[in-house]
Structure formats: structure tokens, C-alpha cells
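One structure below.
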Amino acid sequence: MPGSSIIDDLTARGLLQDATDLEALRRRLDESPIVLYCGFDPTATSLHIGSLLPLLVLRRFQEHGHRPIALAGGATGMIGDPSGRSAERNLLDDATLDANVQGIVAQLRRFLDFDRSGNPARLVDNRDWTAPLSAIDFLRDVGKHVTVNQMLAKESVKARVESESGISFTEFSYMLLQANDYRWLHEHERCELQIGGSDQWGNITAGIDLIRRTSAQHVHGLTFPLMTKADGTKFGKTAAGAVWLDPALTSPYEFFQYWINTDDRDVRRFLLQLTLLPVEEVEAVVAAHTAAPDAREAQRRLAREVTTLVHGADACREAEQASAGFRRPAGELSADELAALAGEIPTTALARPEVEGVDVVDLLVRTGLASSRSDARRAIEGGGVNINDERQAAPRPVEAADLLHGRYLMLRKGKKHRHLVVVE
RNA sequence: GGGUCGGUGCCCGAGUGGCCAAAGGGAACGGGCUGUAAACCCGUCGGUUCUGCCUUCGAAGGUUCGAAUCCUUCCCGGCCCA
């Protein structure tokens, strides 16, 4: 198997946006396994699904025999990458950053194989070599090799320089730190390829230039297109916020639902880029879906694949069951089925006096389904509120008879916003 | 440091003494149509004990019967000059 088949695979999946010298990279990959890296920003305690794509590309490389390094940007995270940003970032403090790095490192572990013989994955934190660097060392060893002219020419910087609010020196310097990461990994880990989203192009080439100037070595860079959605909304964001990989922040059920709701126009690309399914299989699924779009098979397959990848097969099965449970009205579900739903969908446990005799309006607020009592009232007036899947025409107190099996209450606002109340 | 322009609801953005809880757009939410898709149509979108009352237009004071709109000071940002 030629090493460059990974390139063909990435191409077939539409994952190749730019590469520094694709032919040279192919030749290099054919020669012998390569060490490559990709950076992940610890901007939160968890990664979100935007990181799925780079994570899986690393994984694809590893399955082709190459050695991936996942870099947690503990140092660069303190600076803030200006790429794709219109405004200055807030700086994170040490403690927050520590917690964030810890969180994402645990997640990175799930996607790569650290024990694989021959090409085990590695995990690094750029604080290890960046923190000890003095300002003077940095200016002499990195800054000296780069002209401000080149830096200003980078798209990420140019956009911000021309913007109203400008760019701080701190963020301006970001690309030098990333360039230094690449150089460090090149020197210490023999890393020869950096990958990233297309917004990382400027940062990646900065590293390549730095390596060439300081060691006359030619290394590679490769980017993939940023995830977009057909309807123009931001990938990975819902009304509730980001879709996280951490099950405590986004439950497997919510995660599963995110993919189930995928637009027809996006589903093929997502299957190709966010799952490990072979390309031919994706095409077969897509063909079936085109023939019978109302069956939503492609969305279901996508949801299954991605949820299993992130949360495991068991969690995925439970999520899918919860998702399917809604085909029947809540009133028909057994006590066991409702119990299984608890925790899977948004759930609130309340004492009996907090439910019985309490107005639906207050319960909607209590569960977060409505932001205020006015909001709750308006939702009821608009015909959007259901108790146990029965539409409520007007506000009313909840009665003991409403409690399914004596302790469950299924509140629903609109088609998709469900909340289970459990009486303790 | 000087000058100048600006800071309005989730975002953009109109408003420049009463008719302003504040135009318009976007996002969001609800309803309808659907396939848990898209498009489209309709409605809602500060709070509330709801034809009223309360809180809001960077912050604090002031003028006025009445201020998002005028004045003062302060804070923050853009641009120009030094």
C-alpha cells in the first residue's frame, strides 16, 4: 500500500483544501511513515464538534501508519489566535487554562491510539517549551527570522489590522509562537507535517518558513476546509450553545439529535468528513437516502457513527432509544421507559409540593423551557406548550393526575424542546 | 496630551426633548405546511400581580411638567494630530 493513499482518501472526502507542495508530500509519505501534528486550543474544559474534523484527520493518518501528535495549546491558549476572529480575545488565567488543558487532553485520548505498536500517538502541551522561553530568547531565536512585512501579509493579521478595533501586539505575535511549536516538534520529534483548518494556513506556513530559515529543512503543511452548513448557520452551534464532546455539557442524546437534524444538503459531506466509514459505503448510504429522503437513513447513520465515536456504543444506543421513544406520546410510555429517559433528555428532579398544584407557567420557568413567566405565557398562548404531549390551551396548575406513573411529567415546548420532571 | 466621531434591546442599526419599551433587519422562539430536512406563510420576541405598573438606550449627577434625546463629570472605543 503506497503511503500516499492517505492523500487519495482525504481528497475523496473533500478534506484537502491546501498543501504546501502536494507532490513532494506524496513522495515523502511513500518513503516512510511520517510524524505529523495538529494543535487544539484549550479555550474551554471540553472540545466541541468543531474539533472532530482535525481529530479524525489525525486518526486517518494514524490508520495509514503515520505517527500523530496532538498538541494542547496551553501556551498559545494564553495568547489567543487571531485567525478567523474579528475581535480581541479575553485572556485566560492560569487556573482556568490548567483545567481546560486537562479536560481536552482526556478527550484527545479517545480519538487516537497511544499504544499502537510502531506508530503510537503522542500528546504534548506547548507550555512545556514555551513557558521557559525568555522574552530575549524569543526575540533572538524566533523574531529575528521573521519580518513584520511577512506577518502583516498573512490574511488573519491583515483582516484585523484593517478592522476598526485593530489587533493587539499580543495576538499579532501569536503566529510566532505557533511557528515555534512546529520548529520545536520538528527538532525534538522529527515532525514534518502540520495539519489544521484552512484558517490555520498562515500560522502553518509561518512555522514552515521558520524551520527552513533556521535549519534549511523543508517540511509540509496541509489544511482542510472549515466545516460549514448549508443554511449558513455556524457549524457546531445550536441555540443552546456549542455542541460539546463532554457528555456532562452536551448529553449523548442531545448530541445524537444534533446529527439527526442534519440538513439533506450537508449529510453526505458530514458522513465523509466526520465518520470513518469507507467512501464507498458513504456513497451507498447517500444513494439510499436520495431514493427515499423521508426515511432519513443517512442522518440516522451519521448520528450513530459520530455518537459512537465520541461517546461509545452503549451511550449511542441509549441516545437512539431516547430519540425513538418520542414516536409515541409520553402517556403511553412505561415507568421503565420514562426512567430510562431521565438524565438522557434534560431532566429536573423536584419535590412533590414543587410540582403538584404549581402552575405550568412556573414549571416552564423552573425547567428552563421558558426564560420568564411572560415568555412561558406567550408560549402557551401560541399553542406551543404540551404536558405529556397534550397541548395546553391556557395556564393551569399541575394536578396529581398529570403525573405519569405517579412521578413523571413530560413538558414540551414546540416540537423539539422537551424536559422531563421527576418527582422525588 | 490635543482634536474629533461614537457607545441604543441577543447582534446589526434607526431615533436626537413628549406620539419611545424605542423603527428596520438578522438571529431566536412558537404556530402552519413537512420527512425530527429545506423553502415558504403567520405570530412572538425587557419584566410584571398586564389595556396599568416597573426597569432599560456606556456610568453618575443635573436641567425640565417630561430625557435614549439637552448640560456636567467620568469610563470605554475608532479616527486624525502631537
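In what follows, chains carry the letters A, B, and so on, assigned in the order in which the sequence lines appear, proteins first and then strands, with residues in each chain numbered from 1.
- Here B:rG47 is the nucleotide among B:rG30, B:rG35, B:rG47 with the atom lying nearest to any side-chain atom of A:S374.
- The nucleotide B:rG1 finds its pairing partner in B:rC81, both defining distances of the Watson-Crick or G-U wobble pair being shorter than 3.5 Å.
- For A:R373 and B:rU49, the shortest distance from a side-chain N or O to OP1 or OP2 is below 4.0 Å.
- Mapped onto RNA chain B by nearest heavy atom, A:S371 and A:R412 fall at different nucleotides, with A:R412 at the one closer to the 5' end.
- Distance check on atom P: B:rU44 versus B:rA23 gives 13 Å, rounded to whole Å.
- Between A:F235 and A:F270, a ring centre-to-centre spacing shorter than 6.0 Å is recorded.
- Scanning atom types as modelled, one donor and one acceptor separated by under 3.5 angstrom connect the side chain of A:S323 and the base of B:rU36.
- For the pair A:K229 NZ and B:rA39 C1', the computed distance is 16 Å after rounding to whole Å.
- As rounded to the nearest Å, B:rC45 and B:rC40 have P atoms that lie 22 Å from one another.
- At a threshold of 4.0 angstrom between heavy atoms, the contacts of A:S372 are confined to the sugar-phosphate backbone, with no base atom among them.
- Nucleic acid contact class of A:R391 (heavy atoms, under 4.0 Å, all strands): sugar-phosphate only.
- Using a 4.5 Å cut-off on side-chain heavy atoms (C-beta onward), A:L409 and A:L420 make no contact.
- Distance from the side chain of A:D263 is smallest to B:rA37 among B:rA37, B:rU48, B:rU36.
- For A:L369 and B:rA28, the CG to P distance is 18 Å, given to the nearest whole Å.
- Atom name P, nucleotides B:rA14 and B:rG31: the rounded distance is 34 Å, in whole Å.
- Rounded to a whole angstrom, the distance from the C1' atom of B:rG43 to that of B:rC33 is 15 Å.
- Comparing the C1' positions of B:rU72 and B:rU63 gives an interatomic distance of 11 Å, to the nearest angstrom.
- Of the candidates B:rA37, B:rC29, B:rC33, B:rC33 carries the atom nearest the A:K415 side chain, counting heavy atoms from C-beta on.
- Here, B:rA22 and B:rU16 have their C1' atoms 13 Å apart, quoted to the whole Å.
- At a cut-off of 3.5 angstrom, the base of B:rU36 holds no donor-acceptor pair with the side chain of A:Q299.
- Note: CZ (A:R301) to C1' (B:rG35) measures 20 Å, nearest angstrom.
- Residues A:T262 and A:G384 both approach RNA chain B. Their nearest nucleotides, taken by heavy-atom distance, put A:G384 toward the 5′ side.
- We find that A:D389 and A:R412 are joined by a salt bridge, their nearest charged nitrogen and carboxylate oxygen being less than 4.0 Å apart.
- Here the options are A:T367, A:T347, A:T348, the test is side chain to side chain donor-acceptor pair (under 3.5 Å), and the partner is A:H419; only A:T348 passes.
- Backbone-only contact: A:K416 has heavy atoms under 4.0 Å from sugar-phosphate atoms and none from a base.
- A:T45 places a side-chain heavy atom less than 4.5 Å from the side chain of A:L249.
- Crowding of A:E332 atom CD: a count of heavy atoms from other residues, nucleotides or ligands under 6.0 Å exceeding 12.
- A:R377 comes within 4.0 angstrom of a nucleotide base, judged by non-hydrogen atoms across all strands.
- The nucleotide whose nearest atom lies closest to any side-chain atom of A:R378 is, among B:rU49, B:rC45, B:rU36, B:rC45.
- Put simply, CZ on A:R269 is 19 Å from P on B:rA37, counting in whole angstrom units.
- Residue contacts for A:R296: at a heavy-atom cut-off of 4.0 Å it reaches a base atom on one of the strands shown.
- When the C1' atom is compared between B:rG7 and B:rC53, the two are found 30 Å apart, to the nearest whole Å.
- Under a cut-off of 6.0 angstrom, the local environment of CZ in A:R213 is crowded, with over 12 non-hydrogen atoms contributed by other residues, nucleotides or ligands.
- Comparing B:rG35, B:rG30, B:rC33 against the side chain of A:K413 picks out B:rG30 as the nearest.
- Separating the P atom of B:rU48 from that of B:rU55 is a span of 15 Å, rounded to the nearest Å.
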